[in-house]
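Reviewing the structure listed below.
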Protein chains: 2
Amino acid sequence: MTEAQKRPYHHGDLRQAILETAIAMLNEPGGWQFTLREVARRAGVSHAAPYKHFPDKAALLNEIALIGFDRLHVALASARSSAGNAAEALAAASRAYLVFGLGNPALYRLMFGAEIGNSAAVHRDRRAMGAFDVVMDLLAEGQAAGLIEKRGVAGQAASVWAQMHGLTMLKLDGMLRPERVGEDAVEAALASFFEGVLV
Amino acid sequence: MTEAQKRPYHHGDLRQAILETAIAMLNEPGGWQFTLREVARRAGVSHAAPYKHFPDKAALLNEIALIGFDRLHVALASARSSAGNAAEALAAASRAYLVFGLGNPALYRLMFGAEIGNSAAVHRDRRAMGAFDVVMDLLAEGQAAGLIEKRGVAGQAASVWAQMHGLTMLKLDGMLRPERVGEDAVEAALASFFEGVLV
DNA sequence: GCGATAAGTAGACAGTGTTAACTTCATGTC
DNA sequence: GACATGAAGTTAACACTGTCTACTTATCGC
């Protein structure tokens with residue numbers, strides 16, 4: 001008598017179970033290329049049941065990506081609120097960004113994977129911009145306080161975000177090879193970058 | 001009498017035809033998620049013929065990614081050779097990088113897509129590092145000539161690469177939204193970044 | 001209890017990657 | 001020219017996947 005046989009006909013919260021199962025499966029080889037059938041199997045339902053909650057696999061992946069953006073935003077907002085001045089907060093938020101990305105490789109890749117699901121819709125969603133807004137705010141604050149080089153905030157914010165995103169992706173992809181850029185490439189790059197940003 | 005019927009039994013250069021067909025198909029919706037069967041169909045051979053030249057789809061994608069890195073390297077080396085001093089060359093190479101990435105979205109994504117093919121092997125390949133080597137050289141030159149801020153070359157190179165890569169990916173993914181970062185976010189970010197790098 | 005509807009099941013279908021047996025052909029040797 | 005060999009390509013089969021539809025189960029409101 002397996003668990004599946006003991007479950008009542010209705011799961012009770014299948015949508016949530018599918019999300020959690022899929023998020024967990026992201027960390028297995030193949031990442032987001034898990035099959036919907038395996039998600040259903042593990043959630044203890046028939047292979048077509050997920051279609052009751054998500055119109056297709058892309059929709060499931062989109063929702064997971066947005067959950068990822070929510071979490072990234074929370075991580076940055078949290079780092080910000082426990083830091084000192086704007087420059088310190090920016091540094092803390094940057095580290096939080098890297099910690100999040102490097103600590104959740106598969107989720108991070110899904111969030112930024114352009115050919116995954118309907119990424120255009122994801123990237124238009126307000127939830128995808130929360131983390132970036134934190135960066136924008138900190139830069140504006142830091143400039144006003146004379147702690148950060150005075151440059152166009154928009155361009156500077158894009159540059160900061162590009163730096164975080166680029167470092168995360170290059171590190172995750174194994175392209176920052178120790179024999180070329182040393183053992184602590186991310187830290188060294190961050191230090192180098194902020195030498196050009198902080199006053 | 002179709003072209004397929006007029007072709008001799010042996011294609012003559014099927015491996016190349018498959019590569020070219022697949023690279024062309026990269027630019028269609030779905031990018032690298034094209035089917036091997038469609039590649040074969042367009043190349044005018046049976047669906048299983050590609051297996052004579054590539055053990056599986058991943059191997060084909062890997063080879064295409066490496067071709068992409070070759071091209072990126074050529075673009076940077078070319079920009080470098082027609083620029084002036086090291087600082088100018090770095091700026092030119094950076095623009096060449098962005099032009100390449102933004103001009104070949106699907107190829108660029110394949111090059112850096114960690115869950116595509118056997119990306120670990122691709123990223124260990126010497127061919128994946130040619131462009132980065134150009135950046136390293138230019139930074140060392142620029143620092144020696146007093147044109148670029150003196151910082152650890154390894155960290156600085158990682159930072160430059162992260163900036164280029166991050167900007168390319170964020171732009172390609174539609175995340176540098178004009179209403180947030182202006183119409184010329186890439187240019188503005190690049191200017192901001194280099195203000196912190198050039199003397 | 002009944003009707004409506006949401007949630008889940010079972011089966012079908014088309015398409016895909018891959019494999020193996022078979023076929024075609026080119027090349028080298030005698 | 002005949003023959004053997006091996007590479008290149010074909011055909012058919014298989015397992016798997018995403019998706020759809022008809023059917024079943026169960027819940028809720030009247």
Side-chain angles (χ1 to χ4, degrees), chain A residues 1-22 25-26 28-65 110 113 115-119 121, chain B residues 1-22 25-26 28-65 110 113 115-119 121:
Chain A
M1 185 70 79
T2 68
E3 187 63 29
Q5 291 170 340
K6 281 157 69 171
R7 180 180 61 82
Y9 183 76
H10 283 121
H11 184 281
D13 194 8
L14 183 56
R15 188 176 191 277
Q16 188 61 24
I18 289 169
L19 279 171
E20 287 169 9
T21 302
M25 286 174 72
L26 268 184
E28 296 169 17
W32 62 269
Q33 289 176 73
F34 57 74
T35 68
L36 218 44
R37 290 187 178 218
E38 184 61 22
V39 174
R41 196 191 66 76
R42 293 186 193 187
V45 295
S46 70
H47 75 275
Y51 289 95
K52 279 294 172 189
H53 301 276
F54 300 94
D56 53 21
K57 183 179 173 182
L60 171 61
L61 293 173
N62 290 351
E63 182 56 35
I64 296 174
L110 174 58
E115 72 279 10
I116 308 173
N118 179 4
S119 60
Chain B
M1 184 67 80
T2 69
E3 187 63 30
Q5 290 170 343
K6 282 157 67 173
R7 181 179 62 80
Y9 183 76
H10 283 121
H11 184 281
D13 195 8
L14 183 55
R15 189 176 191 277
Q16 188 60 25
I18 289 169
L19 280 171
E20 287 169 9
T21 301
M25 287 176 70
L26 267 186
E28 295 170 17
W32 62 268
Q33 288 177 73
F34 57 74
T35 67
L36 218 42
R37 290 187 179 218
E38 184 61 22
V39 174
R41 197 191 65 76
R42 296 186 190 186
V45 293
S46 70
H47 75 272
Y51 290 95
K52 280 296 172 189
H53 302 276
F54 298 95
D56 53 23
K57 184 180 173 181
L60 170 61
L61 293 173
N62 290 349
E63 183 55 33
I64 295 173
L110 174 58
E115 72 278 11
I116 309 173
N118 181 3
S119 61

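The chains referred to below are lettered A, B, ... by the order of the sequence lines, with proteins before strands, and numbering in each begins at 1.
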Quick one: is [X] getting a side-chain N or O under 4.0 Å of the [N] phosphate, OP1 or OP2?
{"X": "A/Y9", "N": "D/dA26", "result": "no"}
{"X": "B/H47", "N": "C/dG15", "result": "no"}
{"X": "A/T35", "N": "D/dT17", "result": "yes"}

Can you tell me the distance, in whole Å, between the [atom1] atom of [X] and the [atom2] atom of [N]?
{"X": "A/D13", "N": "C/dA6", "atom1": "CG", "atom2": "C1'", "result": "15 Å"}
{"X": "A/L60", "N": "D/dT19", "atom1": "CG", "atom2": "P", "result": "10 Å"}
{"X": "A/I18", "N": "C/dA7", "atom1": "CD1", "atom2": "P", "result": "11 Å"}
{"X": "A/L36", "N": "D/dT19", "atom1": "CG", "atom2": "C1'", "result": "9 Å"}
{"X": "B/W32", "N": "C/dG17", "atom1": "CH2", "atom2": "C1'", "result": "13 Å"}
{"X": "A/Y51", "N": "C/dC13", "atom1": "OH", "atom2": "C1'", "result": "13 Å"}
{"X": "B/K52", "N": "C/dA21", "atom1": "NZ", "atom2": "P", "result": "12 Å"}
{"X": "A/F54", "N": "C/dA7", "atom1": "CZ", "atom2": "P", "result": "12 Å"}

**OP:** Scan A/K57 against the nucleic acid and name what it touches under 4.0 Å (heavy atoms): base, sugar-phosphate only, or nothing.
**Re:** sugar-phosphate
Subject >> Check: A/G12 main-chain N/O paired with A/H10 side-chain donor or acceptor under 3.5 Å >> reply: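 Flag not set: sc A/H10 to bb A/G12 has no pair under 3.5 Å.
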**OP:** State, yes or no, whether a side-chain contact exists between A/I18 and A/R15 at a heavy-atom distance under 4.5 Å.
**Re:**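 Side-chain contact under 4.5 Å: no.
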Original post:
Considering heavy-atom distances to DNA chain D, does B/A48 or A/D56 have its closest nucleotide positioned more toward the 5' end?
Top reply: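 Taking each residue's closest nucleotide, the earlier one in sequence belongs to B/A48.
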Original post:
To the nearest 0.5 Å, how far apart are CE in B/M25 and CG in B/L36?
Top reply: 9.5 Å
**OP:** Enter the distance from B/K57:NZ to B/Q33:CD here, rounded to the nearest 0.5 Å.
**Re:**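 Between B/K57 NZ and B/Q33 CD, I get 7.0 Å after rounding to 0.5 Å.
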Original post:
Among the nucleotides D/dA8, D/dA12, C/dG8, which one has an atom lying closest to any side-chain atom of A/H10?
Top reply: C/dG8
Subject >> Side-chain donor/acceptor of B/R37 to base of C/dG15, under 3.5 Å >> reply: no
Subject >> Nearest heavy atoms of A/A49 and A/H53, plus distance in Å >> reply: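 Smallest heavy-atom distance, with atoms named: O-CD2, 3.9 Å.
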